[in-house]
2 protein chains.
Amino acid sequence: MPDSSLPMPKSPTPDPEKSESPAPDSLMTIREMVETYGVTARTLRFYEAKELLAPIREGQKRLFTRRDRARLKLILQGKRFGFSLEEIRQLLDLYDMGDQQKTQLRATYELGQRHLANLKAKRDELDAAIADLTEQLEWGARKLAELEARNPAK
Amino acid sequence: MPDSSLPMPKSPTPDPEKSESPAPDSLMTIREMVETYGVTARTLRFYEAKELLAPIREGQKRLFTRRDRARLKLILQGKRFGFSLEEIRQLLDLYDMGDQQKTQLRATYELGQRHLANLKAKRDELDAAIADLTEQLEWGARKLAELEARNPAK
DNA sequence: CGTTACCTTGACGTAAACGTAAGCTTGTGG
DNA sequence: CCACAAGCTTACGTTTACGTCAAGGTAACG
């Protein structure tokens, strides 16, 4: 599978080997990942098995690249919005492609459009829910004040 | 594009008045619920078992009240945002209380506040995600145009 | 050289959220 | 009266997303 770098205009120069001082943190061990992102090692291995992440191997150990980290962030974000890992995988493929064929690109583009519409619909719903809850809480506040007046708190 | 207009009761009892039923369609059978909300009967029974719904019983059968329907809508909405049924149950309790004791009210009020903050945070995140994806898609559009210009295929 | 500390790959366990199949009740119509 | 549709309960199956051992590799430390 031909790798494709992210289209992001990355500024920092990738500093490969650098003795063994404080890592240029371009590569992270599983433990560092765990601590940085608050997930378990099991989770990271699971995501790799599901092909959501693709850490490189140094011998037997995994080393997570900056690309893995970007993807992990998107995964965690997606999960907070109720997307399944499978759905997230689709999204990742979108964020990812840098040099696909036109047809592929167009297909992915349209997938992205649908996802965007999805997200916007979700936001509208969320706005409505926020409005509802706010109203509900205002009602609660009034009721509280009422009770407070009628029966002065201890 | 779910939902259509009010589905006609296909049962052969279009009797406008029947005995002592002063309710219009304030009560719905499980089948009507299924058709109205696009959930399965199993799901409705499951939600009842989990105490998210509390349909009344006519003999053995369930009859869902307008309260049940309001709650179901909130449940489905909550699910779309990745809340667990248990979390949703908490939320329902909030939307629900009409005459609790002061202490209870205050506690619930604060729970509501936290949920509201939660929702707002979620919205911010969602806004950011939308911005990202939009940008990504714009990049895709440019890339498409580029390919189109360079190789004006079919 | 042994111990410790991580890391690895299975493999099985689990909680959530239903699906599905079996078998019992009930009302309604031909 | 009997069949049949609709509901009901009970209970086991399924999928998703990991948790939790078990058994073993490897590198560094003392």
Side-chain angles (χ1 to χ4, degrees), chain A residues 19-21 23 27-65 68 71-92, chain B residues 7-15 18-19 21 27-65 68 71-92:
Chain A
S19 295
E20 39 198 296
S21 334
L27 293 182
M28 286 174 66
T29 69
I30 202 169
R31 192 45 64 187
E32 289 169 334
M33 291 292 282
V34 164
E35 275 147 26
T36 304
Y37 297 101
V39 297
T40 69
R42 177 67 178 89
T43 297
L44 293 170
R45 296 192 197 105
F46 181 75
Y47 289 167
E48 182 186 7
K50 287 295 205 83
E51 294 180 82
L52 290 160
L53 300 180
I56 61 179
R57 294 305 184 95
E58 190 193 60
Q60 190 177 216
K61 285 136 186 229
R62 290 168 176 84
L63 289 178
F64 295 84
T65 66
D68 288 315
R71 292 173 69 95
L72 180 56
K73 281 186 221 165
L74 287 172
I75 293 169
L76 297 178
Q77 187 176 114
K79 292 202 62 189
R80 281 193 292 276
F81 289 108
F83 291 103
S84 73
L85 290 185
E86 180 51 33
E87 289 169 324
I88 291 169
R89 210 178 52 72
Q90 311 281 320
L91 265 173
L92 287 176
Chain B
M8 279 290 282
K10 59 191 169 157
S11 63
T13 37
D15 216 320
K18 193 182 179 187
S19 284
S21 247
L27 295 182
M28 286 173 65
T29 69
I30 203 170
R31 193 44 67 188
E32 289 168 335
M33 291 291 282
V34 163
E35 276 147 26
T36 304
Y37 297 102
V39 296
T40 69
R42 176 68 178 88
T43 297
L44 292 170
R45 296 193 197 102
F46 181 75
Y47 289 167
E48 183 187 5
K50 286 298 203 81
E51 294 179 82
L52 290 159
L53 300 179
I56 60 178
R57 294 305 181 97
E58 190 193 58
Q60 190 176 215
K61 287 144 181 215
R62 290 166 175 85
L63 289 177
F64 295 84
T65 67
D68 288 315
R71 291 172 70 96
L72 180 56
K73 281 186 221 165
L74 286 173
I75 293 169
L76 297 178
Q77 189 176 115
K79 292 202 62 188
R80 268 173 264 144
F81 288 109
F83 291 104
S84 74
L85 289 185
E86 180 51 31
E87 289 169 325
I88 290 170
R89 210 178 53 70
Q90 312 282 319
L91 264 174
L92 286 176

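Each chain gets a letter, A, B and so on, in the order the sequences are listed, and its residues count up from 1. Atoms considered below: every heavy atom in the structure, side chains included; atoms not considered: hydrogens, waters and symmetry mates.
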Any side-chain N or O of B:T29 under 4.0 Å from OP1/OP2 of D:dA6? no
State the CD-CG distance between A:E58 and A:L63, to the nearest 0.5 angstrom. 5.0 Å
Please determine if a side-chain N or O atom of B:R45 lies less than 4.0 Å away from the OP1 or OP2 oxygen of D:dA6. no
How long is the gap from CZ on A:R42 to CD1 on A:I30, to the nearest 0.5 Å? 10.5 Å
Taking only the side-chain nitrogens and oxygens of B:R42, find out if one of them lies under 4.0 Å from OP1 or OP2 of D:dT10. no
Kindly say if A:Y47 contacts the phosphate of D:dA17, meaning a side-chain N or O under 4.0 Å from OP1 or OP2. no
Send over the distance from B:I75 CD1 to C:dC18 C1', rounded to a whole Å. 14 Å
To the nearest Å, how far apart are B:L44 CG and D:dA6 P? 16 Å
Return the value, rounded to whole Å, for the distance between atom CE of A:M28 and atom C1' of C:dC6. 16 Å
Please state whether the phosphate of D:dG19, meaning OP1 or OP2, lies under 4.0 angstrom from any side-chain nitrogen or oxygen of A:T40. yes
A:Y37 OH to D:dC18 C1': how many Å, rounded? 20 Å
Distance test, side-chain N/O of B:K79 to OP1/OP2 of C:dC18, below 4.0 Å: yes
Rounded to whole Å, how long is the line connecting atom CZ of A:F46 with atom P of C:dA11? 17 Å
Between B:E87 and B:G82 the two heavy atoms that sit nearest each other are OE1-O, 4.3 Å
With a cut-off of less than 4.0 Å, is there a side-chain N or O of B:T43 near OP1 or OP2 of C:dG19? yes
Salt-bridge present (A:E86, A:R89; N to O < 4.0 Å): yes
May I have the distance from B:R57 (atom CZ) to C:dT25 (atom P), rounded to whole angstrom? 16 Å
How many Å lie between CG on A:L85 and P on D:dC18, as a whole number? 6 Å
For B:L76 and C:dA17, give me the distance from atom CG to atom C1', rounded to whole Å. 13 Å
Please classify the nucleic acid contact of A:R31 as base, sugar-phosphate, or nothing, using heavy-atom distances under 4.0 Å. sugar-phosphate
Specify the residue among B:Q60 and B:F83 whose closest nucleotide of DNA chain C lies further upstream toward the 5′ end. B:F83
Could you check whether B:R62 gets within reach of a base, just the sugar-phosphate, or nothing at all, counting any heavy atom under 4.0 Å? sugar-phosphate
Please test A:Y37 against A:K73 for side-chain contact (heavy atoms from CB on, under 4.5 Å), starting from the C-alpha separation and ending with a verdict. CA-CA 8 Å; A:Y37 297 101; A:K73 281 186 221 165; 3.8 Å; yes
